[in-house]
Amino acid sequence: MSETTPAATEPFRTPTFKYDAGLAADIEARWQDTWEKDGTFDAPNPAGPLAPHSAAGDVAAKPHAFIMDMFPYPSGAGLHVGHPLGYIATDVYARFQRMTGHNVLHTLGYDAFGLPAEQHAVATGVHPRVSTEAAIANMRAQLRRLGLGHDSRRSISTIDPEYYRWTQWIFLQIFNSWYDPAVNAARPIAELIAAFADGSRPTPDGRAWSELSGLEREELLGEYRLAYSKEVPVNWCPGLGTVLANEEVTADGRSERGNFPVFKSKLRQWMMRITAYGDRLISDLDMLDWPEAIKLQQRNWIGRSEGARVDFTVPTHNGGAGQQPITVFTTRPDTLFGATYMVLAPEHELVDAIVPAAWPAETHADWKGEAHTPAEAVAAYRAVAAAKSDVERQVDAKVKTGVFTGAYATNPVTGKPVPVFIADYVLMGYGTGAIMAVPAHDHRDFAFARAFSLPMTCVVEPTDGRGTDPAEWDDAFDTYDSVIVNSANPDVSLNGLRVAEAKAAVTAWLTERGIGEGTVNYRLRDWLFSRQRYWGEPFPIVYDEDGVMHALPESMLPVEVPEVDDYSPHTYDSDDAASTPKTPLSRNEDWVSVRLDLGDGERTYRRETNTMPNWAGSCWYELRYVDPVNASKVVDPANEAYWMGPTEQKPAGGVDLYVGGAEHAVLHLLYARFWHKVLHDLGHVSSVEPFHKLFNQGMITADVYRDARGFPVPAVEVEEVDGGYVWQGQPVTREAGKMGKSLKNAVAPDTICEEYGADTLRLYEMSMGPLDVSRPWDPRAVVGSYRFLQRLWRNVVSEETGELVVSEEPADEPTLRALHKAIDGIRGDLAGLRFNTAVAKAIELNNYLVKRGSTPREVAQALVLMVAPLAPHIAEELWRKLGHTDSLAFADFPVADPVYLVDEAVTCVVQIKGKVRARLEVPPTITDAELEALALADPAVVAAIAGAPVRKVIARAPKLVNIVTG
RNA sequence: GCCCCGGUAGCCCAGCGGCAGAGGCACGGUGCUCAAACCACCGACAGCGUGGGUUCAAAUCCCACCCGGGGCACCA
């Protein structure tokens, strides 16, 4: 490796002013200091402490560009070159925006609460605050070397009490509001309380509000609040000792972090009513400039499906013979006549009530699960189903299992009895936990019906020639594009209707009779918001002696994370499903028990001891970037409106550009949108969405080398020998992999900065490929970017004397053409985030200048300005050498002169039957007819045609003529 | 199983109906040099994953398949 390291080669004859790693380091350190000292990247706000002191210009009138990265989680391991890819990209873009007249807000904060920091703390015995702050300091130093143009005044850290007091404040806003479907927006809970109090809204049991106890009131309000605490089935992860949100559990039922098993457990936990926003979270995606893939993931996650609820009645057996409706959700109410059986989730609450004492006469042997009574069969099946992990359940998905409950429900349109089963292919968590089964037209129902010899009725006419008898089918027929058959009773007929018409007709019929209604169902669940962890924001909630919950007033914020010695979580054996969560904060009695005056005198309260998930701090940080030191408001409306307010180009408002990885598609990006919408509804922000344009950057991968046992070996120590790879004398294999410590292939940005300089690193990362694709780190290729900067330097400065060597002669026309072609291309590429091609065009122009032998001043200036966003340090240095005293951060980016964008003459290609036979030099203004005549007269063309008849001539002036002969 | 994204030179990638190449790495040669590095110049290397189709013309548009990466997955 060291042979290819220019900085390490003996510099005994190196010219004093050669652009090498040493000079680069010198230039870079100097400019970084200058930028810091001058506050070059401090962006003025229209209002508040960050507004310009003098009336130096109307900030609000200046076009803005708010450019953001997904902020990092400070890890003790330090950065590798993959981490800053996005940060460099946003910096290039931000610098470009600054040079095109924008007031640019660009900074970087730290997302520092959460599990990894706490786990690291427990493992090392260092308090999470200490280790986290050290990691932040280390990261700041690493990033500073890259010359990122951040407004340091706006950098926040989520663990700073002055930051999280506002996280808690927003929590209280959410807690103190409810979603009013009438206006389709959140409203203060006080308005709801007022309505209950004055009787304009009756309480569920009809009692007056004043008659309800404190607990009863809180219970009732809990049904409305957007943040509420409730006993619900949650994801309990004993290995981590905490509950988790659905979004943090992988498809195979394990924790995303740590990969521990996760169990369903019914526990009292804090929830956020994100489901209230399901519709808006889907529909507002249309206003956003996001990758389609991410929009799709969010739509799928929210999983909106339109359908109907339908009641099937079933006899009950708990105390007297009654009837009970079982409500199912279906997206295909049009197939109701084909519902020949029902299935409930094994945990469905009505199962016990409908199970009869004995099997009905002539019950099919296969339905009984080898049990003597239905109750026995149900119990046995439930036990088996409960013991199955999600993985097993999915593996078994092809084979349908279940058992008959012994009960028959009545199909409301056919009046026929249909057997009721329980089966684990029906999930309690979706819809109503009960389905009507239409085996002829649903794959799962078909498989189940085949396994249990259940009847099938065809009610949607097959269009593939399979016939109308399901007994002869291999699978269900589930098309939407057909007509309904076999679907009539004395009251209503769907026969002959298209699917969509039939849905409407049957839904209307059901609604009329009060046995069903059209409804929308979501896959999205409410967001589980509490964690049994130390290292997170405490909830600003206390409980009085009666257990009634009280929100703390704003004046008591922040509720600081208590300094304790024992911050370790209560973890359990990872398979111990029966364990229950315990909060670390509950161990500190002197913190938990607190004397407060909440308006009715000083009393003793107990604090909520759960903490918020690490998503909380990242749900709103863009707002704090806008107004970081505002002590009285979460964000000043004037500042929010300026940076984030809706405009014609941004109908929902939001950050102008947000760059980060795609892994947050349904986590951070969904949660942040939800919070933002609540704040919007409550009037705190004018924007409807937090992030207008989203861009997902790719990953930097690197070669991974493994020894014979398959263990990764340090990549830097591997040598290439005769096309193979060797480490410490033993052969190793090579593969592509994620860059990181565990695969022993991490490359630190510091190393590259030392060997080549930060500008080279920036340039290389930007030139590797399109920003949104993953690409391998090639240690050998970095030198290419380094050489470009050296050639650029030499085109402007003498390596021997350090003096300017540009020519003062005006540039000739071909040079101007090359220049303006480059300006035109680079401008478009930078604006479109196509940094790889922008770099190529800069190199192309520079190579032209090398070949030309001298660089006219005007070309040098333009080239330096164009390189500035990509390699700002060397550009500043050259700009100074060119005689400028100001930083070029705010210089105008060159604009192409269209005069030089058209070539004097173009080469026209003459094809004969698609093959190139001749070339003509023609003026760019030539017409099709002139070109055609010219082509047909060309001797080479005449020879190639060789007298064959010309059938057709296609002329595309000025570049092409195609002659079709024969 | 379903849905995205991608397959162009030894490698990373431009081109996205009209001459296969913008740029970089690696490679070969020449010059500079005592020699080398650096530098400069020159060069070779692909017919665009495969097979069909549309078109005067296809890397580019359409269809099917193969390979690689990602997402979802009994969601009624």
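What you are looking at is a predicted structure, and each value in this text was computed from that prediction instead of being measured. Just so it is clear: chains get the letters A, B, ... in the order the sequence lines come, proteins before strands, and each one is counted from 1.
Residue A/I843 is classed as a sugar-phosphate contact, given heavy-atom separations below 4.0 Å to backbone atoms only. At a threshold of 4.0 angstrom between heavy atoms, the contacts of A/L296 are confined to the sugar-phosphate backbone, with no base atom among them. Within 4.0 Å of A/T432, counting heavy atoms only, lies no atom of the nucleic acid at all. Among the protein residues, A/V909 comes within range of the nucleic acid bases, having at least one heavy atom under 4.0 Å from a base atom.
B/rG7 has its base anti relative to the sugar, with a glycosidic angle deviating from 0 by more than 90°.
Each of A/L792, A/N795, A/L819 was compared with A/L845 under the side chain to side chain contact (heavy atoms under 4.5 Å, CB included) criterion, and only A/L819 meets it. Remark: of the listed residues A/Y764, A/F788, A/Y19, A/Y786, A/Y786 is the sole one forming a ring-ring contact (aromatic ring centres under 6.0 Å, His included) with A/Y756.
Residue A/K959 places no side-chain N or O under 4.0 Å from the OP1 or OP2 atom of B/rG18. The shortest distance between the side-chain N/O atoms of A/R956 and the OP1/OP2 oxygens of B/rG17 is not below 4.0 Å. Within the structure, a side-chain polar atom (N or O) of A/R787 is placed less than 4.0 Å from OP1 or OP2 of B/rC39.
Distance check on atom P: B/rG28 versus B/rC65 gives 44 Å, rounded to whole Å. With both ends at atom C1', the span from B/rC72 to B/rU60 equals 31 Å, rounded to whole Å. Across B/rG70 and B/rC62, the matching P atoms stand 25 Å from one another, rounded to whole Å. A gap of 15 Å separates the C1' atoms of B/rG7 and B/rA14, to the nearest Å. Taking the C1' atom of each, B/rA40 and B/rC4 are spaced 47 Å apart, rounded to whole Å. A distance of about 34 Å separates the P atoms of B/rC13 and B/rC74, rounded to the whole Å. Rounded to whole Å, the C1' atom of B/rG47 lies 39 Å from the corresponding atom of B/rA36. The same atom, C1', is picked in B/rC56 and in B/rC2; the two are 40 Å apart, to the nearest Å.
Between the A/Y341 side chain and the A/P439 main chain, no donor and acceptor come within less than 3.5 Å of each other.
Spacing between atom CG of A/N846 and atom P of B/rG23 amounts to 12 Å, rounded to whole angstrom units. Rounded to whole angstrom, the span from the CD atom of A/E844 across to the C1' atom of B/rG23 amounts to 8 Å. Counting to the nearest Å, the C1' atom of B/rA76 and the CZ atom of A/F421 are 17 Å from each other. Rounded to an integer number of Å, the gap from A/N847 CG to B/rA22 P is 13 Å. Distance A/E799 CD to B/rC39 P: 10 Å, rounded to the nearest Å. Rounded to whole Å, the distance from CZ on A/R299 to P on B/rC2 is 22 Å. For the pair A/D928 CG and B/rG18 P, the computed distance is 16 Å after rounding to whole Å. Atom P of nucleotide B/rG18 and atom CG of A/L931 are separated by 17 Å, given to the nearest angstrom.
Here the CD atom belonging to A/Q790 is positioned 7.5 Å from the OG1 atom belonging to A/T760, to the nearest 0.5 angstrom.
Across the interface with RNA chain B, nearest-nucleotide mapping of A/A781 and A/Q297 shows A/A781 to be the residue nearer the 5′ end. Along RNA chain B, the nucleotide nearest A/D445 and the nucleotide nearest A/C908 are compared for position; the residue whose nucleotide lies closer to the 5' end is A/C908.
When each of B/rC42, B/rG18, B/rC38 is scored by its nearest atom to the side-chain atoms of A/K851, the top-ranked nucleotide is B/rC42. Nearest nucleotide to the side chain of A/V850, out of B/rA22, B/rA76, B/rA40: B/rA40. Distances were taken from every side-chain heavy atom of A/V783 (C-beta onward) to each of B/rG24, B/rC39, B/rA26; the shortest belongs to B/rA26. The listed nucleotides are B/rA40, B/rC56, B/rG23; the one nearest the side chain of A/K952 is B/rC56. Set against B/rA57, B/rA73, B/rG23, the side chain of A/N962 has B/rA57 as its closest nucleotide.
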For nucleotides 10-14 of chain B, tabulate all protein N/O to nucleotide N/O atom pairs closer than 3.5 Å, reporting atom names and distance.
unit_1: B/rC12; atom_1: O2'; unit_2: A/M768; atom_2: O; d: 2.9

Trace of the ring pair (Phe, Tyr, Trp, His ring centres under 6.0 Å) decision for A/F421 with A/F448: CA-CA 10 Å; A/F421 283 74; A/F448 190 85; 5.4 Å; yes
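Atom CD of A/E349 has 12 or fewer neighbouring heavy atoms from other residues, nucleotides or ligands inside a 6.0 Å radius. By the 6.0 Å contact criterion, NZ on A/K295 is enclosed, its count of non-hydrogen atoms from other residues, nucleotides or ligands being greater than 12.
Of all heavy-atom pairs between A/W777 and A/V782, the closest is CZ2-CG2, 3.9 Å.
With a cut-off of 3.5 Å on both pairing distances, B/rA73 has no Watson-Crick or G-U wobble partner at all. Base pairing annotation: B/rC39 forms a Watson-Crick or G-U wobble pair with B/rG31, both donor-acceptor distances under 3.5 Å. When both distances must be under 3.5 Å, the Watson-Crick or G-U wobble mate of B/rG10 is B/rC25. In this structure, B/rG51 and B/rC63 make a Watson-Crick or G-U wobble pair, each of the two defining distances being under 3.5 angstrom.
Judged by distance alone with a 3.5 Å cut-off, a donor-acceptor contact links the side chain of A/Q911 to the base of B/rG18. Side-chain atoms of A/K400 and base atoms of B/rC74 include a donor and an acceptor less than 3.5 Å apart.
Every residue two or more places apart in sequence or in another chain was checked for a ring pair (Phe, Tyr, Trp, His ring centres under 6.0 Å) with A/F337, and none qualifies.
A cation-pi arrangement is present between A/K400 and A/Y425, with the terminal nitrogen or guanidinium carbon under 6.0 Å from the aromatic centre and inside a 45° cone about the axis.
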